[in-house]
Amino acid sequence: MSQGKTAAKVQVRPATPADAGTIHGFILALAEYEKLLDEVDASEADVAAALFGDRPRAFCDIALADGAPVGFALWFYNYSTFRGRHGIYLEDLFVVPQARGLGAGKALLRALARRCEAEGLARLEWSVLDWNAPAIAFYDSLGADAQSEWTVRRLTGAPLKALAAG
């Protein structure tokens with residue numbers, strides 16, 4: 001990377017199978033930042049299978065600064081019944097701390113927004129932890145609307161198994 005943060009050239013490209021280890025590293029770094037490292041079960045092999053297996057259902061873009069990977073956006077298609085069209089759900093967006101301020105996060109989001117426009121998708125959406133003030137401020141600066149009327153619900157582990165069995 002360049003010495004000055006504004007001097008680095010940021011590019012975004014689709015991830016390739018050779019990026020599986022880098023993506024896994026980004027996932028671990030993101031989990032550590034979010035204080036959720038103990039929740040990561042995914043291995044590098046899991047990432048490779050999900051993104052580059054026979055029928056991938058998740059996708060990833062890599063941000064490069066001066067040719068070096070500095071961040072990623074992991075996403076998948078969702079569907080809006082109200083809009084009658086698909087959209088993109090951004091599962092994870094992460095830029096390494098030393099590259100923040102270079103425009104890598106914005107470049108990753110711009111690439112997804114362009115994909116939405118090119119494919120006629122209805123929306124681009126994601127979740128952010130309520131304590132992550134820097135990320136919230138960044139998203140607000142882009143004009144992203146907070147969906148405060150919605151509460152995320154999740155089934156995992158034993159409750160998920162119980163519902164499936166019942």
Side-chain angles (χ1 to χ4, degrees), residues 10-15 19 22-42 46-47 49-51 55-65 69-97 99-164 166:
V10 175
Q11 297 177 305
V12 174
R13 64 164 174 78
D19 294 314
T22 299
I23 296 164
H24 186 254
F26 286 151
I27 291 168
L28 294 174
L30 172 61
E32 184 173 17
Y33 173 75
E34 292 181 339
K35 300 168 185 64
L36 298 169
L37 193 56
D38 60 324
E39 293 187 25
V40 177
D41 295 327
D46 293 331
V47 170
L51 297 176
R55 293 180 13 198
R57 293 190 180 107
F59 308 91
C60 187
D61 296 323
I62 302 288
L64 306 164
V70 296
F72 82 119
L74 199 143
W75 57 275
F76 53 89
Y77 291 99
N78 60 11
Y79 185 77
S80 169
T81 55
F82 288 5
R83 301 290 304 273
R85 299 196 330 253
H86 285 90
I88 287 178
Y89 186 83
L90 175 61
E91 178 67 21
D92 286 322
L93 177 74
F94 179 75
V95 174
V96 295
R100 292 181 188 153
L102 295 176
K106 189 172 186 177
L108 287 161
L109 286 168
R110 180 177 289 121
L112 290 174
R114 287 178 175 161
R115 178 178 294 276
C116 287
E117 287 296 304
E119 296 181 16
L121 305 177
R123 61 186 176 202
L124 169 61
E125 62 186 351
W126 61 91
S127 296
V128 60
L129 290 167
D130 61 2
W131 58 260
N132 194 343
I136 292 168
F138 170 61
Y139 300 143
D140 286 348
S141 77
L142 298 175
D145 292 326
Q147 300 295 301
S148 58
E149 65 276 11
W150 293 92
T151 300
V152 176
R153 303 302 301 216
R154 178 181 298 160
L155 279 173
T156 62
L160 178 62
K161 288 178 195 269
L163 181 60

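Residue numbers count from 1 along this sequence.
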Look at the side chain of Arg100 and the backbone N and O of Val95, then say whether any donor-acceptor pair between them is shorter than 3.5 Å.
-> yes
Is a side-chain N or O of His24 found less than 3.5 angstrom from the main chain of Asp46, in a donor-acceptor match?
-> no
Taking all atoms of both residues into account, what is the closest heavy-atom pair of Ile23 and Cys60, and its distance?
-> CD1-SG, 3.7 Å
Over 60° means perpendicular and under 30° means parallel, so classify the ring planes of Phe26 and Phe94, tilted if in between.
-> tilted
Does the Asp61 side chain pair with the main chain of Ala73, one donor and one acceptor, at a distance under 3.5 Å?
-> no
From Leu51, Leu90, Leu108, residue fulfilling side-chain contact (heavy atoms from CB on, under 4.5 Å) relative to Leu74 = Leu51
Between Pro159 and Thr156, what is the shortest heavy-atom contact and its length?
-> CD-O, 3.0 Å
For Trp150, does the CH2 atom sit with more than 12 other heavy atoms under 6.0 Å from it, leaving out its own atoms?
-> no
Closest approach of Ile88 and Cys116, non-hydrogen atoms and distance?
-> CD1-SG, 3.9 Å
Value rounded to 0.5 Å, distance of CD1 in Ile62 from CZ in Arg13 | 6.0 Å
Just do the side chain to side chain contact (heavy atoms under 4.5 Å, CB included) check on Trp126 and Leu93 with the steps written out, would you?
-> CA-CA 9 Å; Trp126 61 91; Leu93 177 74; over 6 Å; no
Heavy atoms only: give me the nearest Val10-Ala104 pair and the separation to one decimal.
-> CG1-CA, 3.7 Å
Output for pair (Leu30 CG, Leu37 CG), nearest 0.5 Å, gives 10.0 Å
When rounded to the nearest 0.5 Å, the distance separating CZ of Phe82 from CZ of Arg123 is 9.0 Å
Flag side-chain contact, heavy atom, 4.5 Å: Asn78 against Glu125 = yes
Going from CG on Asp130 to CD1 on Ile136, what distance comes out if it is rounded to the nearest 0.5 angstrom?
-> 6.5 Å
Can you name the nearest heavy-atom pair linking His86 to Tyr77, along with the distance?
-> CD2-CB, 4.5 Å
Nearest 0.5 Å please: distance from the CD atom of Glu117 over to the CG atom of Leu124.
-> 10.5 Å
Pick from Phe59, Phe76, Trp75: which one makes a side-chain contact (heavy atoms from CB on, under 4.5 Å) with Glu91?
-> Phe76
dist Leu121:CG -> Leu112:CG (nearest 0.5 Å) comes out at 10.0 Å
So, for Tyr33 and Pro134, which heavy atoms are closest and what is the spacing to 0.1 Å?
-> OH-CG, 4.4 Å
